[in-house]
Amino acid sequence: MSVALFPGSFDPPTYGHLNVIERASRIFDKIDVVISENPEKNCLFSAGERLLMMKTLVEPYANVTVHTWDKLIVEYAKKVGAKVLIRGIRNASDFSYEFDLSLMNRSLNPNIETLFIPTETRFVIVKSSSIKELASFGGDISGMVPPIVLEAVMNKYPR
């Protein structure tokens, strides 16, 4: 059985994330979405909130599970026996960052391979940090996030 991990902060989950999950779910037998719990990151949503949103969003995919993790992703991979990390990329900047990260992960666990999935063109501008900034100013993010995420974000930035 081929298991792949899709790690990230998912703060908040976006249509871009869901696109990567949907596409990866057709390639691998099992996808494990791993939500990072990093106290150094200033997240809008708690790990529990992100977990609940993501679990709801991936319900249509029988081969996708969601977990939280507060250590290195390579440790999680070792724990569950996964050999592949999936990373979505939107542009050259993402690629550069993710490429360096893949080298670091491989140096920590030589059994890990990273698979880059380029985003579909319609999701190039969909970025969690931009979504939060846009929402904080009352901008329309409805085309970037699913309805349950839109509601949760709007509750964080009431107008």
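These numbers come from the heavy atoms of this one structure, side chains and all, not from hydrogens, waters or symmetry mates.
- Legend: ring pair (Phe, Tyr, Trp, His ring centres under 6.0 Å) pairs involving residues 43-71, not counting sequence neighbours, sorted by first then second residue: Trp69-Tyr76.
- Of all heavy-atom pairs spanning Ser142 and Leu150, the tightest one is CB-CD2, 3.9 Å.
- Between atom CD1 of residue Ile27 and atom CG of residue Leu115 there is a gap of 6.0 Å, rounded to the nearest 0.5 Å.
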Please determine whether side-chain contact (heavy atoms from CB on, under 4.5 Å) holds for the pair Val126 and Asn19, giving the CA-CA distance in whole Å, both sets of side-chain angles, and the decisive distance to 0.1 Å. CA-CA 11 Å; Val126 177; Asn19 179 255; over 6 Å; no
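- In this structure, the side chains of Ile73 and Leu85 come closer than 4.5 Å at one or more pairs of heavy atoms.
- Hydrophobic cluster membership is shared by Val145 and Val20, with clusters built from Ile, Leu, Val, Met, Phe, Trp and Tyr side chains linked at under 4.5 angstrom.
- For Met154, the CE atom sits in a packed shell: over 12 heavy atoms of surrounding residues, nucleotides or ligands are nearer than 6.0 Å.
- Enclosure of atom CG in Asn155 by more than 12 non-hydrogen atoms of other residues, nucleotides or ligands within 6.0 angstrom is indicated.
- The closest side-chain heavy-atom distance from Thr114 to Leu103 is not below 4.5 Å.
- No single ILVMFWY cluster, assembled from side-chain heavy atoms under 4.5 Å apart, contains both Ile117 and Phe99.
- Using modelled atom types, one side-chain atom of Lys132 and one backbone atom of Asp11 make a donor-acceptor pair closer than 3.5 Å.
- Side-chain contact between Val124 and Asn91 is absent, with no heavy atoms from C-beta onward closer than 4.5 Å.
- For the pair Ser96 (side chain) and Ala92 (backbone), a donor-acceptor distance under 3.5 Å is absent.
- Under the 4.5 Å side-chain heavy-atom criterion for Ile, Leu, Val, Met, Phe, Trp and Tyr, Ile148 and Leu134 are members of the same hydrophobic cluster.
- The neighbour count for Glu120 CD, taken as heavy atoms of other residues, nucleotides or ligands under 6.0 Å away, is above 12.
- By the side-chain hydrogen bond (donor to acceptor under 3.5 Å, both in side chains) test, Thr68 pairs with Glu37, sequence neighbours left out.
- Between the Ser128 side chain and the Pro12 main chain, a donor and an acceptor come within less than 3.5 Å of each other.
- For the pair Asp29 and Val3, the minimum side-chain heavy-atom distance is 4.5 Å or more.
- When side chains are defined from C-beta on, Thr119 does not count as touching Ile89, because their heavy atoms never get closer than 4.5 Å.
- Hydrophobic clustering, with ILVMFWY side chains joined whenever heavy atoms are under 4.5 angstrom apart, keeps Val84 apart from Leu108.
- Taken to the nearest 0.5 Å, the CD atom of Glu75 stands 4.5 Å off from the CG atom of Leu72.
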Let me see the working for Val33 and Phe10 under side-chain contact (heavy atoms from CB on, under 4.5 Å), right down to the final yes or no. CA-CA 10 Å; Val33 176; Phe10 306 103; 3.7 Å; yes
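- Under a 3.5 Å cut-off, the side chain of Arg50 and the backbone N or O of Ser9 do form a donor-acceptor pair.
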Pair Phe6, Val34 - check side-chain contact (heavy atoms from CB on, under 4.5 Å), show working. CA-CA 6 Å; Phe6 183 36; Val34 185; over 6 Å; no
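- Note on ring orientation: taking the six-membered ring where Trp is involved, the planes of Tyr15 and Phe123 are tilted (angle from 30° to 60°).
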Would you please test Lys156 and Glu49 for salt bridge (Lys or Arg N to Asp or Glu O under 4.0 Å) and show each step? CA-CA 12 Å; Lys156 296 283 185 175; Glu49 289 171 314; 3.4 Å; yes
Any chance you could lay out the side-chain contact (heavy atoms from CB on, under 4.5 Å) test for Ile21 and Val64, step after step, and finish with the verdict? CA-CA 8 Å; Ile21 291 167; Val64 178; 3.9 Å; yes
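- Contact annotation: the side chain of Lys127 never approaches that of Ile131 to less than 4.5 Å [non-hydrogen atoms, C-beta and beyond].
- A single hydrophobic cluster is not seen to contain both Leu52 and Ile35; linkage of ILVMFWY side chains at heavy-atom distances under 4.5 Å, directly or through other members, places them apart.
- Residue pairs that meet the side chain to side chain donor-acceptor pair (under 3.5 Å) test with at least one member in residues 101-111, sequence neighbours left out, are Arg106-Glu113.
- Under a 3.5 Å cut-off, the side chain of Arg87 and the backbone N or O of Pro7 do form a donor-acceptor pair.
- No side-chain N or O of Asn38 forms a donor-acceptor pair with one of Ser36 less than 3.5 Å apart.
- Checked options Asn63, Ile31, Val66, Thr65; the residue passing with Val58 is Val66 (criterion: side-chain contact (heavy atoms from CB on, under 4.5 Å)).
- For the atom pair OG (Ser25) and NZ (Lys30), the distance works out to 13.5 Å, reported to the nearest 0.5 Å.
- Look at Glu22 and Arg26 and you find a salt bridge, because one of the NZ, NE, NH1 or NH2 atoms lies within 4.0 Å of a carboxylate O, short of that distance.
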